[in-house]
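Since the structure comes first, as structure tokens, the remarks are kept for the end.
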Protein chains: 2
Amino acid sequence: MATLGELERSVMDVLWDSTDALTAGDIRDDLAHGNAEGVGKELAVTTVLTVLSRLEAKNFVTRERDSRPHLFSASTSRAAHMAELMHEVLGAAPDREAVLARFVGQVSPREADALRRILAGK
Amino acid sequence: MATLGELERSVMDVLWDSTDALTAGDIRDDLAHGNAEGVGKELAVTTVLTVLSRLEAKNFVTRERDSRPHLFSASTSRAAHMAELMHEVLGAAPDREAVLARFVGQVSPREADALRRILAGK
DNA sequence: ATCAACTTCTACATAGTGTAGAAAGGAGTT
DNA sequence: AACTCCTTTCTACACTATGTAGAAGTTGAT
């Protein structure tokens, strides 16, 4: 629904890549020397917390207030989020089938197969 | 690639809905009592021109400078644009097939059929 | 009661977008 | 050539989202 900025997106990536909930400090560290790209400048923890609050407000993140350093986790899976984004795009088009045709037309053969399989599975 | 604002998007919609190129004045009128929703407050032509310039800079719009009132047209079809957006979303995901699965999972039966047809057509 | 860690508040810079007036350009008319 | 009208470009400002973080407030532990 809402669009994510670059940092917000990075934070979400960290959360999506993690199996368990993380603290703001964890996330800051992951962002710094994280596996992802970007030199990863050291951010202040408050910066990360601000972003997390905003993400919480946007319902992208869930916060466990009981834990002392609050624990954060993504409220939706990345796949679900991405799929929703795609549906949003599609929903904004009057000519949905045309869009789908274009879309599928540019999909790799490998992915086309994946699509067939998925569709076969009803 | 670049994100479009609300007005930019409306202008693109006008252009996409038109078969031939339009002048800024045409577009302003279409926006006002256009077929689309929104009360359509009368905008200044300069406003429309500003937006058109920005859209041109973003390569969403082509301008014919020869015609006296310049003529504008969408440089890409709506379907192509939407499909590209979807690919952008998909491209940002590491687990593309998972996203596709989710996406297809939420597609209407009618559209699922459309997809099968499209995929069958190779 | 105090301290240290943590969270929330407040704040500011930047960029993108909506919006349009002021200034400038060009083509026809006198 | 000068004038005028229509059109375009320039300049400008407000508002929002986002990145960024210090200051202030809160709370558990000692």
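Chain letters run A, B, ... following the sequence lines, proteins first and then strands; every chain starts at 1.
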- Of the candidate nucleotides D:dT18, C:dT7, C:dG18, which contains the atom at the shortest distance from the side chain of A:Arg63? C:dT7
- Pick the nucleotide of DNA chain C nearest each of B:Arg54 and B:Thr46; which residue has the one closer to the 5' end? B:Arg54
- Task: Determine the contact category for B:Arg68: base if any of its heavy atoms lies under 4.0 Å from a base atom, sugar-phosphate if only primed atoms, P, OP1 or OP2 are that close, otherwise nothing.
- Result: sugar-phosphate
- Query: Just to confirm, is there a sub-4.0 Å distance from OP1 or OP2 of C:dA20 to any side-chain nitrogen or oxygen of B:Thr47?
  - Reply: yes
- Message: I'd like to know if A:Glu111 pairs up with B:Arg96 as an ion pair, taking the criterion as any Lys NZ or Arg NE/NH1/NH2 lying under 4.0 Å from an Asp or Glu carboxylate oxygen.
- Response: yes
- Item | Whole-Å distance separating the CG atom of A:Leu31 from the P atom of D:dG19 | 11 Å
- Within this structure, what is the CG-to-C1' distance between B:Leu43 and C:dG18, rounded to whole angstrom? 9 Å
- Given that A:Leu71 and B:Thr50 both sit by DNA chain C, which one's nearest nucleotide is further toward the 5' end? A:Leu71
- Message: Which heavy atom of B:Ala83 sits nearest to which heavy atom of A:Arg102, and what is that distance?
- Response: CB-CB, 3.4 Å
- Query: Between A:Asp66 (CG) and C:dC6 (P), how many Å, whole number?
  - Reply: 16 Å
- Query: Tell me: NE2 of A:His70 to P of C:dA5, nearest whole Å?
  - Reply: 17 Å
- Is A:Arg117 paired with A:Asp113 through a side-chain N to carboxylate O contact shorter than 4.0 Å? no
- Task: Establish, from distance only, whether the side-chain atoms of B:His70 and B:Arg63 form a donor-acceptor pair under 3.5 Å.
- Result: yes
- Message: Mind checking if A:Leu7 touches a base, just sugar-phosphate, or nothing, with heavy atoms under 4.0 Å?
- Response: sugar-phosphate
- Note on the structure: Looking only at C:dC6, D:dT8, C:dT17, the nucleotide nearest the A:Pro69 side chain is C:dC6
- Query: B:Leu52 has an atom CG; how far is it from atom P of D:dT7, in whole Å?
  - Reply: 14 Å
- Query: Separation of A:Glu42 atom CD from D:dT20 atom C1', in whole Å?
  - Reply: 14 Å
- Message: What I want to check is whether an N or O donor and acceptor connect the side chain of A:Thr3 with the base of D:dA17 at under 3.5 Å.
- Response: no
- Whole-Å gap separating P (D:dG19) and CZ (A:Arg28): 18 Å
- Item | Polar contact flag, side-chain donor to acceptor under 3.5 angstrom, B:Asp26-B:Thr23 | yes
- Item | Any B:Arg65 side-chain nitrogen or oxygen under 4.0 Å from OP1 or OP2 of D:dT9 | yes
- Protein-nucleotide distance (A:Leu55, atom CG; C:dT8, atom P), rounded to Å: 14 Å
- Query: With a 4.0 Å cut-off on heavy atoms, is B:Thr23 in touch with a base, just the backbone sugar-phosphate, or nothing at all?
  - Reply: nothing
